[in-house]
Each structure stands twice: as C-alpha cells, then as structure tokens.
Amino acid sequence: SASLPSTEQTVANMARLGYGSKLDTKLFAPVTEHLRAVAEIEGYPTCWPNEYDLSIYTHQLPGGMMATLQRQLGELGAGERSPALLDEVALVRQELGYPIMATPISQLVGTQAVLNVVSGTRYGVVPDEIIRYVLGHYGEPAGPIDEEVRDKVLSSPRAAELATWVQEQPSREELRTQVGGGISDDELMLRLLVSSSDLERVGKAEVSTAGSSPPRPTSSLLGQLLDVASLRKVHLAAGGYRVTCLRS
C-alpha cells in the first residue's frame, strides 16, 4: 500500500531538487533499525517501502486510492498499465479543472482514468457522477474545465437527463419519518448512511476475546526491550513508580 515517504527518501528527493537539510543523516540507520526491532517484538508486519515518486504532485492520488486503483487494474487483467494509469489520472485531473483530490472527487477522477485506459477511448464511458461534476452539482470547479471534455461529457443522453436533476433537501423531521423516531441524531445519520442489512449484521456480531494475549509482566517487557541491541536505556513510569534500566 502507498504511504508517506521515509525521511531518508525525502531528504534524497530534496537533494535532487537542489535543497539542503539540517538533519543528521548518520542517525537515520539506527532509528530505522530500532523501529524495525520494535515492530518485530510487537508482532507488527514489516515490508519493503515503495520508492517515492515525485509524480504524486502531478496526479495527487491519495495513498488509499493508489492501492485501490492498482487492485482494480489487476482484476481487469491490466496490472502492467499502472504507469499509464497515473499519467491518465494527472491528465483527467487537469481536464476537470484541477479539483482537490479528496473523497469523493479523487474517486471520480480515478474511476474515469481507469475507464479511459481500459476502454481505449477517452471519455467513451462516463459515470453519472462525472456528469454531475461537470454540470456543477459538486460546486464550482477550482479551475476551468477543458471545453472539449465538457462537450464530450455533456453530449450524452444521460447528461440531458441529469441536467434537470435537483438535490433533495429533506428536513430532519422528514428524515426521522423515513427512519423512525426515538433515536439520537447520531443514530439517525448512521441509519441514513449505512444499509439496514449491514447494520443488522453489526448488531448480531459478537466480539470474541479468545486467543487474546494477557498483559505481559513488566519484567518480561523490560527483558524484551533490552534485547534490542540499539537500546542503551529503558525508563518506565506508571502508578507513581519509576524504573530505569541501563545497559552495562
């Protein structure tokens, strides 16, 4: 999954762009080793980080969206087209007026890019939400929409249907009539946003504690921490007690 770049790679990218750093790079390796050792002790997964690509500033896909689109391409048997997809995302974002790449707009831009790449015809298939975006249902775009793209999107019969669509604005009382009374505002929103079948499954779910590890004694915890070669000092404080262990 894509995530934030490491400090090491960030400093390297800055250097390539001509920027310096006051960070002590000699400390990077010991800190990395310490965090990796802690992850292993605590049972957290470790993996090789993805290389940081400066193209993120062009397509601006969030990390979660990056993983989702790559999975979608794999399901369509087009996993090798990931670089082309990122280029297409950047182009679609430009053509749609540089929208802020946050939910739900990032999903709209990413989905349109996938359709453009997989179908081989740009804007040959256009989801309803892209049509609504171009029609202004999501508000005024940050920048001008490409006129050729606008014409393609709005020339479909579906666009003519959606052009007269008006978002309903029911009152809270009307929404309570739909869902039922006697519930808090928080539960009202939950019932409106989550399907009844999903809520029913959550209500029936049982939380199991079987297999949970009991809290480890302090002595065991200290022993495992001191097994980390990079640690020279461990200090614990709780309940008015303080314990400090130094490696000899």
Side-chain angles (χ1 to χ4, degrees), residues 1-6 8-10 12-13 16 36 39 43-135 137-138 141-143 145-162 165 193-198 201-202 205:
S1 176
S3 184
L4 295 175
S6 65
E8 297 95 315
Q9 193 61 52
T10 299
N13 284 337
R16 291 190 185 96
R36 181 180 291 110
Y44 291 113
T46 58
C47 61
W48 293 103
N50 290 330
E51 288 299 322
Y52 182 54
D53 189 345
L54 285 174
S55 68
I56 189 174
Y57 291 106
T58 304
H59 59 70
Q60 295 197 8
L61 269 181
M65 271 295 298
M66 184 89 73
T68 299
L69 290 179
Q70 289 174 345
R71 189 192 73 246
Q72 290 176 340
L73 279 181
E75 292 172 351
L76 294 170
E80 76 285 352
R81 305 184 71 176
S82 181
L85 173 62
L86 294 182
D87 290 341
E88 183 64 19
V89 169
L91 182 55
V92 170
R93 175 173 172 262
Q94 173 188 337
E95 293 169 337
L96 294 181
Y98 295 101
I100 296 175
M101 295 293 278
T103 300
I105 303 301
S106 58
Q107 282 82 353
L108 304 187
V109 173
T111 299
Q112 186 63 66
V114 169
L115 293 172
N116 290 354
V117 169
V118 173
S119 69
T121 303
R122 304 192 71 246
Y123 298 98
V125 180
V126 181
D128 283 1
E129 297 308 315
I130 288 289
I131 297 174
R132 288 193 172 105
Y133 172 87
V134 174
L135 287 170
H137 294 175
Y138 284 87
I145 297 176
D146 182 276
E147 288 301 323
E148 184 177 347
V149 170
R150 182 190 296 273
D151 291 342
K152 285 183 180 179
V153 171
L154 299 184
S155 63
S156 67
R158 184 59 177 159
E161 297 174 13
L162 293 174
W165 177 82
L193 296 173
V194 181
S195 69
S196 57
S197 59
D198 287 342
R201 284 197 295 269
V202 171

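Only a predicted model underlies this, so the values are computations on that prediction, with no experimental measurement involved.
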Is the CD atom of Glu148 crowded by more than 12 outside heavy atoms at less than 6.0 Å? no
Could you tell me if Thr111 and Gln107 have a donor-acceptor pair between their side chains, going purely by distance under 3.5 Å? no
Would you say the side chain of Met66 lies within less than 4.5 Å of the side chain of His59, judging by non-hydrogen atoms? yes
Side chain proximity check, Met65 to Val89, heavy atoms < 4.5 angstrom: no
Restricting to non-hydrogen atoms, name the atom on Val134 and the atom on Arg150 that form the minimum distance, rounded to 0.1 Å. O-NH1, 3.7 Å
From CG (Leu108) to OH (Tyr133), nearest 0.5 Å: 9.0 Å
Starting from the C-alpha separation in whole Å, work towards a yes-or-no answer on side chain to side chain contact (heavy atoms under 4.5 Å, CB included) for Ile100 and Ile105. CA-CA 7 Å; Ile100 296 175; Ile105 303 301; over 6 Å; no
Find out whether Leu61 and Ile56 are in side-chain contact, i.e. whether some heavy atom of one side chain is under 4.5 Å from a heavy atom of the other. no
Would you call Asp151 and Ser155 a side-chain contact if the rule is heavy atoms closer than 4.5 Å? no
Judged by modelled atom types alone, do Glu129 and Tyr138 share a side-chain donor-acceptor pair under 3.5 Å? yes
I want to check something: taking the side chain as every heavy atom from C-beta on, are Asn116 and Thr121 in contact at a cut-off of under 4.5 Å? no
Nearest heavy-atom neighbours spanning Gln112 and Ile130: OE1-CG1, 3.6 Å
Can you see whether Tyr123 engages Glu95 through a side-chain donor-acceptor pair at a distance of less than 3.5 angstrom? yes
Can you tell me how far the CH2 atom of Trp165 sits from the NE2 atom of His137, to the nearest 0.5 Å? 6.0 Å
As a quick check of understanding, evaluate side chain to side chain contact (heavy atoms under 4.5 Å, CB included) for Ile131 and Ser156, giving each step before the final call. CA-CA 9 Å; Ile131 297 174; Ser156 67; 4.1 Å; yes
Evaluate Arg93 against Met101 for side chain to side chain contact (heavy atoms under 4.5 Å, CB included), listing each step before the verdict. CA-CA 8 Å; Arg93 175 173 172 262; Met101 295 293 278; 3.6 Å; yes
Let me see the working for Leu154 and Leu135 under side chain to side chain contact (heavy atoms under 4.5 Å, CB included), right down to the final yes or no. CA-CA 8 Å; Leu154 299 184; Leu135 287 170; 3.6 Å; yes
Would you check if Leu96 and Pro141 make a side-chain contact, meaning some heavy-atom pair closer than 4.5 Å? no
Shortest non-hydrogen pair, Val109 vs Pro99, comes out as CG2-CG, 4.1 Å
Taking Arg158 for its side chain and Asp128 for its backbone only, find out whether a donor-acceptor pair lies under 3.5 Å. no
